[in-house]
2 protein chains.
Amino acid sequence: MENRMTIEKYIQNQAISDIEDNCLKSTQDFLKLLSSKWTINILYVLNKNSIKRFGELKKEIPGITSVMLSSTLRKLEKFDVISRKQFNSIPPQVEYFLTEKGKKLIFIFYEIDTWLGKI
Amino acid sequence: MENRMTIEKYIQNQAISDIEDNCLKSTQDFLKLLSSKWTINILYVLNKNSIKRFGELKKEIPGITSVMLSSTLRKLEKFDVISRKQFNSIPPQVEYFLTEKGKKLIFIFYEIDTWLGKI
DNA sequence: CTGAATCCCGAGTGATACTG
DNA sequence: CAGTATCACTCGGGATTCAG
């Protein structure tokens, strides 16, 4: 068990630190990323397959463009949800996969879908 | 214990239903609402005070306009996060408060802030 | 093959004025 | 008091083109 704040304490203090602009903003940024158009699709594919190349992701997510795939992947990388492994070959090859932290994200989606009454 | 899908089953099936457009969209819409600019502030105030009038919310959330407060409150009401009680008096009086479902939302924020390493 | 650069449109957000 | 109507602006998202 980590030494983190208990839920009871969190309920009392909720957003006391969260309400400070910077801290609040990081939660919002993260939620915005999760809600952005292609994020769930990407996480779904990576959760199913563990490792995928850029082109494979593009093929398995109908409608996505290179621009959106690339930019969404970079944002997910910034939050340490996914990781990138680049092979300096020609043609170039890049592999994407969920980090350990990223795999834990599914618990959050589980809670959200439960809250929404979907499951 | 509800008769809902277990987390193990969810991990296997994750987004199998979620990936269907309508179902996916409702999760995205909800996350978008949570990530929108004033939502956390509103939930914070209502979580602290249980009942607040429109004008009180406006006073306690610096910078928010009537337009944004009103539209955010209506979206939160649609998702059954908050509830509205209107008194047909002059001048008009409207009270907002968290629903039972809304109170459970704090668990999700708790999980998210934990995931982000904030707490 | 894996993106970056550019341009464009619509949605989210905001300022102001107005009403029952 | 509790909003709505309207207009303006910014930014996310998409189409296209191009490069290492």
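Each chain gets a letter, A, B and so on, in the order its sequence line appears, and its residues count up from 1.
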Is the phosphate of [N] approached by [X] (side-chain N or O, under 4.0 Å from OP1 or OP2)?
X: A/R84; N: C/dT2; answer: no
X: A/K37; N: D/dG14; answer: yes
X: B/W38; N: C/dT13; answer: no
X: B/R53; N: D/dG3; answer: no
X: A/S70; N: C/dA4; answer: yes
X: B/T65; N: C/dT13; answer: no
X: B/R74; N: D/dA2; answer: no
X: B/Y96; N: D/dC1; answer: no

Starting from [atom2] on [N], measure out to [atom1] on [X] and report it in whole angstrom.
X: A/L73; N: C/dC1; atom1: CG; atom2: P; result: 17 Å
X: B/K58; N: C/dA15; atom1: NZ; atom2: P; result: 11 Å
X: A/L33; N: D/dG12; atom1: CG; atom2: P; result: 12 Å
X: B/L69; N: C/dA15; atom1: CG; atom2: P; result: 14 Å
X: A/D29; N: D/dC11; atom1: CG; atom2: C1'; result: 13 Å
X: A/K75; N: D/dC11; atom1: NZ; atom2: P; result: 13 Å
X: A/K32; N: D/dC11; atom1: NZ; atom2: C1'; result: 9 Å
X: B/E77; N: D/dA2; atom1: CD; atom2: C1'; result: 14 Å

Less than 6.0 Å separating the ring centroids of B/W115 and A/F30?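 Close enough - the centres of the two rings lie under 6.0 Å apart.
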
Contact nearer the 5' end of DNA chain D, comparing A/S36 with A/P92: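 Looking at DNA chain D, the more 5' nearest nucleotide goes with A/S36.
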
